[in-house]
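Proteins come first, then strands; the chains are lettered A, B, ... in the order of their sequence lines, and each starts at number 1.
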Amino acid sequence: MTLIVSDRHLEVPEIQRAAIEFIDLSKLKIANCVGCFGCWTKTPGKCVIRDDAVQVYPRIAASDRLMYVSRVRYGSYDTIMKTMLERAIPVQQAFIRLHHGETHHFQRDVAPKEAIIVGYGDLSAEEQDIFRQLIARNANNMNFTQYRVVFAQEQDLEQTVRNEVLTWERS
Amino acid sequence: MGKILIINGSPRAPKSNSKQYAALFSKACSWESHYRDLTRANHLELCQAADEVSDVLFVFPLYADGIPVTLLNFLKTWEEYGSRQKPTVSVLINCGFLEAEQNNVAVKMMELYCRENGLPFGSVLKIGGGEAILSTPFRILVQAKIKKLARAIVRQENRTFQVTMPLSKKMFLNASTSYWIRYGERHGITREQMASMQIEP
Ligand SMILES: Cc1cc2nc3c(=O)[nH]c(=O)nc-3n(C[C@H](O)[C@H](O)[C@H](O)COP(=O)(O)O)c2cc1C
């Protein structure tokens, strides 16, 4: 399954043509994770907060091609995307294993992913560099087998996403 | 003499590990300190309080390899508010995994934030195994590093410290597995249930 999760509306006709699921987080109601660990220790695999996030993380888990589109702030995903990613920890178990020589959680039924991360905004080289380091860390925790980080100015974002979707269609 | 505002940026601040780290810091620090949980409703109040101090210490957990969104939201408000006092910002971060270095990216984000906002950056303590370390004998290692952090802040130094459980990775895996099994048992959930592969079953 191919999935795009974006923090804003995108006008990309290619998404409609291709077999791509598109989730616009800005249209959803998603509260922030409260760190209760209920999804690991009370109702394993299920978040106790029953808002729109519970529709999203199963789709993220099922995807084998995944694109995140997010504004970047301080080298981080901005708050809309970050809120969702924090709410996605039900896809992992509490239990920890060694992965690439570091301690990381066991995943539940999470498909290995080819990921494209599109970070947008007016970003300095340093901010881009920190964001790249963040994604390299995410790759270990989010089951990315391959990933690419792409940057765009906001006004070029739709074109950038369109180009990336076309690379998917060609592969 | 300086004055420190300690802001707990954990989404579960009242019951957090960060709260305990902050309490250890207050005890170790010779300066006057004020502790506050970050809530959705007190951003403005904390922005104002930060104008009354020489230093701010953010105490928070690593979340999804970065700064928890609770704290990101505050940072955005603080930027908009525009700090007048420009206090020195220090960081006490903890993460669940064994390697304290997993906190590095979040620390870089905090440094970048400070630079973008003209806030001097102070010192850092990165804690690994932070979910459980305080309930182990290694608590004293954390206390010692928190003392060093407090001293560095008072001396207005730029220092970075880190601490974790001095265990082999294998021992840490075993210890963390027991920790989480006990956690589940308190809710009547077995190890097998916790290890379920299903998502939203
Ligand atoms: C949503 C969420 C995401 C987390 N992400 C990470 C992570 O990326 N790396 C890590 O080592 N620990 C991670 N943790 C574990 C916390 O950092 C750890 O449990 C910490 O001790 C919590 O501190 P607190 O009690 O002060 O909130 C995460 C916990 C939650 C709830």
Practice task
Would you check if the side chain of K169(B) reaches a backbone N or O of L98(A) as a donor-acceptor pair within less than 3.5 Å?
Solution key: no
Fill in the blank from the handout: From the list T70(B), L72(B), N73(B), side-chain contact (heavy atoms from CB on, under 4.5 Å) with N32(A) holds only for T70(B)
Exercise for the section: Against chain A, label R191(B) side chain, backbone, both or neither, depending on which of its atoms sit under 4.5 Å from a heavy atom there. Expected result: both
Problem - Winner by heavy-atom pair count (cut-off under 4.5 Å) against chain A, out of R115(B), M110(B), E101(B) - result: R115(B)
Handout entry: Between CD on residue Q93(A) and CE on residue M197(B), distance to nearest 0.5 Å
Key = 6.0 Å
Exercise for the section: Give, as side chain, backbone, both or neither, the part of N141(A) having an atom under 4.5 angstrom from any heavy atom of chain B. Expected result: side chain
Problem - Distance in Å, L173(B) CG paired with R97(A) CZ, rounded so as to fall on 0.5 Å steps - result: 10.5 Å
Exercise for the section: To the nearest 0.5 Å, tell me how far C47(A) SG sits from I199(B) CD1. Expected result: 13.0 Å
Problem - Part of E116(B) lying under 4.5 Å from any heavy atom of chain A - result: side chain
Completion exercise
The reported gap from OH in Y74(A) to CG in L112(B) (rounded to nearest 0.5 angstrom) is 9.5 Å
Completion exercise
Cut-off 4.5 Å, heavy atoms of chain A, and the answer for I67(B) is backbone
Handout entry: Pairing of R73(A) and E79(B) as salt bridge, 4.0 angstrom limit
Key = yes
Practice task
Apply side-chain contact (heavy atoms from CB on, under 4.5 Å) to the pair Q102(B) and E102(A), showing each step before the final yes or no.
Solution key: CA-CA 9 Å; Q102(B) 295 209 33; E102(A) 282 181 345; 3.6 Å; yes
Exercise for the section: Give a yes or no on this: more than 12 heavy atoms of other residues, nucleotides or ligands lie within 6.0 Å of atom CZ of R50(A). Expected result: yes
Exercise for the section: Check each atom of Y179(B) against the heavy atoms of chain A and say whether the ones under 4.5 Å are side chain, backbone, both or neither. Expected result: neither
Completion exercise
chain B shares the most heavy-atom pairs under 4.5 Å, among G75(A), P58(A), S76(A), with S76(A)
Exercise for the section: State, without any angle test, whether T79(A) and K76(B) hold a side-chain donor-acceptor pair at a distance under 3.5 Å. Expected result: yes
Handout entry: Aromatic plane relationship, H105(A) with F97(B) - under 30° parallel, 30 to 60° tilted, over 60° perpendicular
Key = tilted
Practice task
Using a strict cut-off of less than 4.0 Å between a Lys/Arg side-chain nitrogen and an Asp/Glu carboxylate oxygen, indicate whether D129(A) and K108(B) qualify as a salt bridge.
Solution key: no
Practice task
Kindly determine whether S176(B) and I96(A) satisfy side-chain contact (heavy atoms from CB on, under 4.5 Å), including the steps that lead there.
Solution key: CA-CA 7 Å; S176(B) 89; I96(A) 297 178; 3.8 Å; yes
Handout entry: Proximal component of P68(B), with respect to chain A [non-hydrogen, under 4.5 Å]
Key = both
Practice task
Against chain A, work out which of G128(B), P201(B), P11(B), A195(B) has the most heavy-atom pairs shorter than 4.5 Å and name it.
Solution key: A195(B)
Problem - Interchain contact, F131(A) with chain B, by part (heavy-atom threshold 4.5 Å) - result: neither
Fill in the blank from the handout: Here the gap from W180(B) atom CH2 to T41(A) atom OG1, rounded to the nearest 0.5 Å, amounts to 7.0 Å
Handout entry: Over 12 non-hydrogen atoms of neighbours within 6.0 angstrom of CE in M1(A)
Key = yes
Problem - Audit row: E131(B), F37(A), side-chain contact (heavy atoms from CB on, under 4.5 Å) steps and yes/no - result: CA-CA 12 Å; E131(B) 172 69 23; F37(A) 291 133; 3.6 Å; yes
Exercise for the section: Enter the distance from E99(B):CD to T103(A):OG1 here, rounded to the nearest 0.5 Å. Expected result: 3.5 Å
Fill in the blank from the handout: Heavy atoms of K82(A) and A64(B) approach each other most closely as CE-O, 3.9 Å
Practice task
Sort out for me which of E200(B), M109(B), R12(B), Q193(B) touches chain A most, counting heavy-atom pairs under 4.5 Å.
Solution key: E200(B)
Completion exercise
The interface call for S196(B) against chain A, heavy-atom contacts under 4.5 Å, is both
Exercise for the section: Given side-chain contact (heavy atoms from CB on, under 4.5 Å), test D65(B) with L85(A) step by step and report yes or no. Expected result: CA-CA 10 Å; D65(B) 301 304; L85(A) 295 181; over 6 Å; no
Practice task
Under 4.5 Å, counting heavy-atom pairs only, tell me which of V105(B), V69(B), I189(B) racks up the most with chain A.
Solution key: V69(B)
Exercise for the section: Identify the two heavy atoms, one from G35(A) and one from Y63(B), that lie closest to each other, and give their separation to 0.1 Å. Expected result: CA-OH, 3.2 Å
Problem - R132(A) portion near chain B, given a 4.5 angstrom heavy-atom threshold - result: neither
Handout entry: Side chain, backbone, both or neither of Q107(A) within contact of chain B (heavy atoms, under 4.5 Å)
Key = backbone
Handout entry: Residues, nucleotides or ligands: over 12 heavy atoms within 6.0 Å of E80(B) CD
Key = no
Exercise for the section: Check whether C36(A) gets within reach of chain B through its side chain, its backbone, both or neither, counting any heavy atom under 4.5 Å. Expected result: backbone
